[in-house]
Amino acid sequence: MDDSEEVFLRHLAPTNPYPFLIPIERAEGIYLYTPDGKRYTDMISGIGVSNIGHRNPKVVEAIKNQLDKHMHVMVYGEYIQSSSNLLAKKLTSLLPPSLDCVYLVNSGTEANEGALKLSKRLTRRTELVSFKRSYHGSTHGSMSVSGNEIKKTAFRPLLPDIRFLEFDNIEDLQQITTQTAGVIMETIQGDAGVRIPSKVFMKALRERCTRTGAMLILDEIQCGMGRTGTLFAFEQFDIIPDILTIGKAFGGGLPIGAFISSHSRMQELSHDPMLGHITTFGGNPVCCASALGTLEVITSGNLLNDVERKGRLIRSLLVHPKIREIRRIGLMFAIDFDTEEQVQRIVTQALKDGVIGFWFLSHPYSFRIAPPLTITDEEIREACEVILKAIEKS
Ligand SMILES: Cc1ncc(COP(=O)(O)O)c(C=O)c1O
């Protein structure tokens, strides 16, 4: 055991100047524990990952079973492995027939890279369309289609030929044309502070993509896997994407992502040129076993059906005159305050009192909560009490 802050700060590359610096010894359910016994309630699910809690017993068992058989044996796409076969079969059984072929990758951003490449390869076009304030990942391609200019400037030149439309604005859809290879959109914008599009907009978007032949890519890396109350958020808008990307909670705590489309479309990545997308660790068998276990837990019992009720319970408890607005779908919340500093004070105070919340990178004056879907009513009440106290003190 080495929980030294000195080693962390000296030998692990930082992402920001103010890391949380909580030493973690173990995690179970909705709780994280430090070596000195302090318990934290994880109200952000490790940022969108632990949708069925930490170390869900079914997932741990699935991982252990796979470990006893084999780990990595070959790069993605060559050997037949039961773990990826079973995962792809289960996942596609839960999706519409036009999303019946899965490309397994390592992360959310790689899923989006694969989806963007597929849209170009399928259409032989170059233009990509995205939406303002979107977040699609931190590699060059995904960053290129992300909206936050402040984060991008230092890394230019990025991909050319990208158009950004206003989210939820039907008029802007005219800018999708027969030049457009793909349109990438988070079904629910996460990092922008939980932005929920209208059904009318989503239908119009689907129609425009169909009419122009542009591939509609829905990024459900953050809003998928039950977070909004259905397995995938697009189910609530009566549309089907041409390509779906998933990650984060998909692996139940191990790293795995996927881009999913139809069998016939996916064949195109295997020729002209061959190896259109390749990845060493995509479909890692242990990650696949974990993802299959996770899918089984999410889709069994009453878990999904109960998401909306739990969301409403939290919404009913979080009442305070300092709150400016709450945007919510399922168990995905953005709680707006007057200033960024106020949100930081709330995050710090709640943390002191054992509850982990966060903000949004592109929307720092919102307090973020997205607890594990497995959270109980009692745990919700306890966490909300701490959050309210932190708001009162802010
Ligand atoms: C909507 C969305 N897309 C893509 C990503 C990138 O995923 P990853 O961090 O696994 O690369 C994220 C991560 O926060 C996300 O929220």
Side-chain angles (χ1 to χ4, degrees), residues 27-32 39-63 87 90-91 94-95 108 186-190 194 196 219-236 244 246-258 290-318 326-335 355-358 360 367-384 386-387:
E28 203 80 52
I30 67 160
Y31 298 114
L32 308 177
R39 189 183 81 172
Y40 289 95
T41 304
D42 184 1
M43 288 298 278
I44 52 173
S45 307
I47 307 224
V49 172
S50 314
N51 282 12
I52 53 168
H54 296 270
R55 295 188 75 252
N56 185 288
K58 292 242 163 63
V59 173
V60 172
E61 191 190 341
I63 293 170
L87 175 59
K90 173 77 180 173
L91 181 57
L94 297 164
L95 285 164
E186 294 163 83
T187 313
I188 309 297
Q189 279 193 337
V194 185
I196 305 156
D219 173 344
E220 298 227 1
I221 289 158
Q222 191 174 145
C223 65
M225 306 309 291
R227 174 56 56 199
T228 65
T230 44
L231 185 58
F232 298 106
F234 74 81
E235 295 168 38
Q236 298 182 39
L244 174 70
I246 60 174
K248 282 189 177 276
F250 178 41
L254 289 190
I256 185 168
S290 182
L292 178 61
T294 302
L295 262 181
E296 280 166 354
V297 172
I298 291 182
T299 55
S300 65
N302 202 35
L303 190 64
L304 272 180
N305 283 339
D306 222 16
V307 168
E308 178 57 22
R309 189 192 61 78
K310 289 178 184 176
R312 281 201 196 136
L313 175 60
I314 294 179
R315 180 68 188 81
S316 71
L317 293 168
L318 290 182
I326 297 185
R327 286 175 301 285
R328 173 189 81 86
I329 179 164
L331 277 167
M332 190 172 181
F333 285 79
I335 304 154
V355 168
I356 300 172
F358 212 61
F360 299 87
F367 182 69
R368 164 191 220 140
I369 49 175
L373 315 180
T374 46
I375 194 169
T376 65
D377 289 8
E378 199 187 327
E379 290 165 340
I380 285 175
R381 287 179 201 283
E382 280 171 11
C384 285
V386 172
I387 292 168

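Counting begins at 1 with the first residue of the sequence. Small disclaimer: the values here were computed from a predicted structure and weren't measured.
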How many angstroms lie between atom [atom1] of [X] and atom [atom2] of [Y], to the nearest 0.5 angstrom?
X      : Y      : atom1 : atom2 : result
Phe358 : Ile47  : CZ    : CD1   : 4.5 Å
Leu231 : Leu95  : CG    : CG    : 7.0 Å
Arg368 : Phe360 : CZ    : CZ    : 5.0 Å
Leu32  : Asp42  : CG    : CG    : 5.0 Å

Measure the shortest side-chain to side-chain distance between [X] and [Y] over non-hydrogen atoms and say whether it is less than 4.5 angstrom.
X      : Y      : result
Thr294 : Ile52  : yes
Asp219 : Leu244 : no
Phe250 : Leu91  : yes
Val355 : Ile387 : yes
Leu254 : Ile63  : yes

*Please step through side-chain contact (heavy atoms from CB on, under 4.5 Å) for the pair Leu87 and Ile256, ending with a clear verdict.*
CA-CA 12 Å; Leu87 175 59; Ile256 185 168; 4.0 Å; yes
Tell me whether [X] contacts the main-chain N or O of [Y] through its side chain, where contact means a donor paired with an acceptor under 3.5 Å.
X      : Y      : value
Glu379 : Thr376 : yes
Glu235 : Phe232 : yes
Lys248 : Gly108 : no
Ser290 : Gly251 : yes
Lys310 : Leu373 : yes
Asn51  : Met225 : yes
Glu220 : Phe234 : yes

*Assess whether side-chain contact (heavy atoms from CB on, under 4.5 Å) is satisfied between Glu186 and Ile221, documenting all intermediate values.*
CA-CA 8 Å; Glu186 294 163 83; Ile221 289 158; over 6 Å; no
*Please assess Met332 against Cys223 for the test side-chain contact (heavy atoms from CB on, under 4.5 Å), listing each intermediate value before the final yes or no.*
CA-CA 8 Å; Met332 190 172 181; Cys223 65; 4.1 Å; yes
*Option from Ile375, Ile356, Ile30, Ile380 for which side chain to side chain contact (heavy atoms under 4.5 Å, CB included) with Met43 holds*: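 Of the listed options, the one satisfying the test is Ile375.
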*Leu331 and side chain to side chain contact (heavy atoms under 4.5 Å, CB included): which partner among Leu313, Thr228, Val307, Ile369?*
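The single option meeting the side chain to side chain contact (heavy atoms under 4.5 Å, CB included) with Leu331 is Val307.
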_Residues forming a salt bridge (Lys or Arg N to Asp or Glu O under 4.0 Å) with Arg315, sequence neighbours excluded_ =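 Salt bridge (Lys or Arg N to Asp or Glu O under 4.0 Å) check on Arg315 returns nothing, list empty.
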*Do Thr41 and Glu382 have a side chain donor and acceptor closer than 3.5 Å?*
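The answer is no; no qualifying pair exists.
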*asked:* With no hydrogens and no angle check, just 3.5 Å: does a side-chain donor-acceptor pair link Ser45 and Arg227?
replied: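 Short answer, yes.
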*Scan residues 291-309 for pairs that pass salt bridge (charged side-chain N to carboxylate O under 4.0 Å, His left out), counting only residues two or more places apart or in two chains.*
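Residue pairs with at least one partner in residues 291-309: Asp306-Arg309, Glu308-Arg312, Glu308-Arg328, Arg309-Asp377.
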*Residues, nucleotides or ligands: over 12 heavy atoms within 6.0 Å of Arg55 CZ*: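 It does not: Arg55 CZ has 12 such atoms or fewer within range.
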*Cation-pi check, Arg39 to Tyr31: give yes when NZ or CZ is under 6.0 Å from the six-membered ring centre and within 45° of the ring axis, no otherwise.*
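That pair qualifies as a cation-pi contact.
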